[in-house]
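Note that the numbering runs from 1 along the sequence shown for the chain. Predicted, not measured: the structure shown is a model, and the values here were computed from it. Counting starts at 1 for both ligands and their atoms, following the listed order.
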Amino acid sequence: MKILVINAGSSSLKYQLIHMETEEVIAKGTCERIGIDGGKLTHKAHGETFVIEQELPDHTAAISLVLKELVDAKAGVIHSMDEIDAVGHRVVASGEAFTKTTLVTDEVMETMEVIKELAPLHNPAAILGVNACRAVMPDKKMALVFDTSFHATMPPYAYLYGIDYDDYKQYKVRKYGAHGTSHKFVSQAAADYLKRDVKDLKIVTCHLGNGSSISAVNGGKCVDTSMGFTPLAGVPMGTRSGDIDYAAVEFLCRKKGMSMAEGLTYLNKKCGMLGISGVSSDFRDLCAAAEQGNERAQLALDMFAYSCKKYVGSYMAVLGGLDVLVFTAGVGENTPTVREGICEGMEAFGIKLDKAKNNFKNDGSIRDLSAEDSRVKILVIPTNEELVIARETAALL
Ligand code: ADP
């Protein structure tokens, strides 16, 4: 059985074609900088890397290019789409509409349209991904795998907002979290790497990418997470504000003449690293600008590390200690200065980073960055949401 996994993010789209009997990745790749200039597809197959530089104005363009590449005479790995048994799609938010992996039907997609507002940057991308695949492969079975499932174990005192309880009951307004598939994968992978039972570990997982979330995982179960009702909450992100006082939002809307909907678009697309730096939402651009002395780029990076550090500290309090701190995703795996900024000054809490080990170039392997005398293990674990999604899709079929 071969499963094609589509993970459509806000500015990137990752895919893997996985042979399920061996869990071998037959081909994989990433479309980067979707919707911003400098679009690029990096496709890996047959031990070779194929790079196509092509503007990718939207996710439909990205998926079309991926499918073309999979059957390409040179870079391809299959002769036709018939060789793909099913497609598994990552979906960020489900609210309470879906609590587990779900088969794609017209009715399900109608519900997806209704709940897309829960993750305005991601769910529309996932819908585009599903629709593009259904158009090209109309008979193919497809599954939606939701990020929110892993966070279902949060206790009510962690997921509730301080609003009227009846409003929570009626409108289901509460914290749902996101990136659950990634937090689940890396917390289990950390336990496996340390040869420990995940049930015995207190872990904080930092999924830091264009969108970022941090989770407290106790004994393999999520007990709190930084994202909220939507992925807008938590640390400041590529283009999202992260946590903000609602009164400040209302004030800004009034001053700038924005409607509530415009205010939400502003908070999702024009804020965060992009808004603070005025340079870019992309951490590579930010690091390059900061190195050249751009003070606002440096300020954005400092804000990001500071905010992440506060979550790590508060989750140590939630967990009553910490055994493992995990970094993952685009920024967590590739940006030493961000990891250093988060760990800086945390020695009193047992977090001691080995700076030499921290300055490695990501090669896809798990890295232990802890200093010899660090009480807490500090690990970089490349996330593998795709494998979790493929397993879930295969199990559903
Ligand atoms: P998302 O899936 O939320 O779009 P990613 O996890 O792909 O995000 O992370 C994208 C971020 O990771 C970008 O800000 C990018 O600058 C940063 N990054 C830094 N170094 C690298 C790298 N070598 N490869 C990919 N992303 C990187």
Side-chain angles (χ1 to χ4, degrees), residues 5-16 28-42 44 49 51 56 58-59 62 89-93 119-126 129 147 178-183 185-186 205-214 226-227 230-232 234-240 242 268-269 272-277 279-291 297 300-301 304-305 308 326-341 358-365 367 380-386 389:
V5 175
I6 301 288
N7 179 357
S10 45
S11 71
S12 66
L13 184 145
K14 295 170 192 153
Y15 63 93
Q16 291 191 1
K28 67 175 184 177
T30 310
C31 294
E32 291 174 81
R33 299 181 72 100
I34 299 169
I36 49 178
D37 63 326
K40 184 167 121 183
L41 167 67
T42 308
K44 294 184 181 175
T49 301
V51 177
L56 299 168
D58 55 31
H59 291 76
H89 293 269
R90 175 202 174 201
V91 184
V92 167
L121 286 179
H122 277 92
N123 273 14
D147 272 359
H179 296 140
T181 314
S182 177
H183 291 287
F185 179 83
V186 296
T205 48
C206 303
H207 178 110
L208 312 179
N210 193 41
S212 297
S213 67
I214 301 180
S226 63
M227 281 178 169
T230 76
L232 179 56
V235 300
M237 306 170 221
T239 60
R240 284 175 237 155
N268 270 303
K269 299 200 169 173
M273 299 295 102
L274 174 67
I276 294 294
S277 69
V279 172
S280 174
S281 60
D282 192 289
F283 278 72
R284 281 166 290 194
D285 297 345
L286 291 171
C287 290
E291 231 164 71
L301 291 168
F304 183 73
C308 291
V326 182
F327 291 105
T328 194
V331 177
E333 292 169 31
N334 295 294
T335 319
T337 50
V338 166
R339 293 191 297 261
E340 193 177 326
N358 183 42
N359 273 310
F360 74 97
K361 189 151 169 37
N362 184 15
D363 61 0
S365 62
R367 296 284 184 137
V380 170
I381 301 182
T383 193
N384 198 342
E385 290 158 293
E386 286 77 7
I389 293 165

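In terms of protein heavy-atom proximity, atom 25 (C) of ligand 1 is nearest to R284 NH1, 3.8 Å. The nearest heavy-atom contact from the protein to atom 6 (O) of ligand 1 is G330 N, 3.0 Å. The closest protein non-hydrogen atom to atom 20 (N) of ligand 1 is N334 CB, 3.2 Å.
At least one N or O atom of S12, backbone or side chain, sits closer than 3.5 Å to an N or O atom of ligand 1. Considering backbone and side-chain atoms together, E32 places no N or O closer than 3.5 Å to any N or O of ligand 1. Here's the thing with A329: none of its N/O atoms is less than 3.5 angstrom from an N/O atom of ligand 1.
Ligand 1 places these atoms under 4.0 Å from at least one heavy atom of V331: 11 (C), 12 (O), 17 (C). Residue G209 approaches ligand 1 through these ligand atoms, each under 4.0 Å from one of its heavy atoms: 5 (P), 6 (O), 8 (O), 9 (O).
Between L13, V92, N210, I34, it is N210 that holds the heavy atom closest to atom 8 (O) of ligand 1.
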Next item on the list: Dump the intermediate steps for side chain to side chain donor-acceptor pair (under 3.5 Å) on D363 and S365, then the final yes or no.
Entry: CA-CA 6 Å; D363 61 0; S365 62; 2.6 Å; yes

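Residue K14 touches ligand 1 through its side chain alone, judged by heavy-atom distances below 4.0 Å.
Between H183 and H207, the two ring planes are tilted [angle within 30° to 60°].
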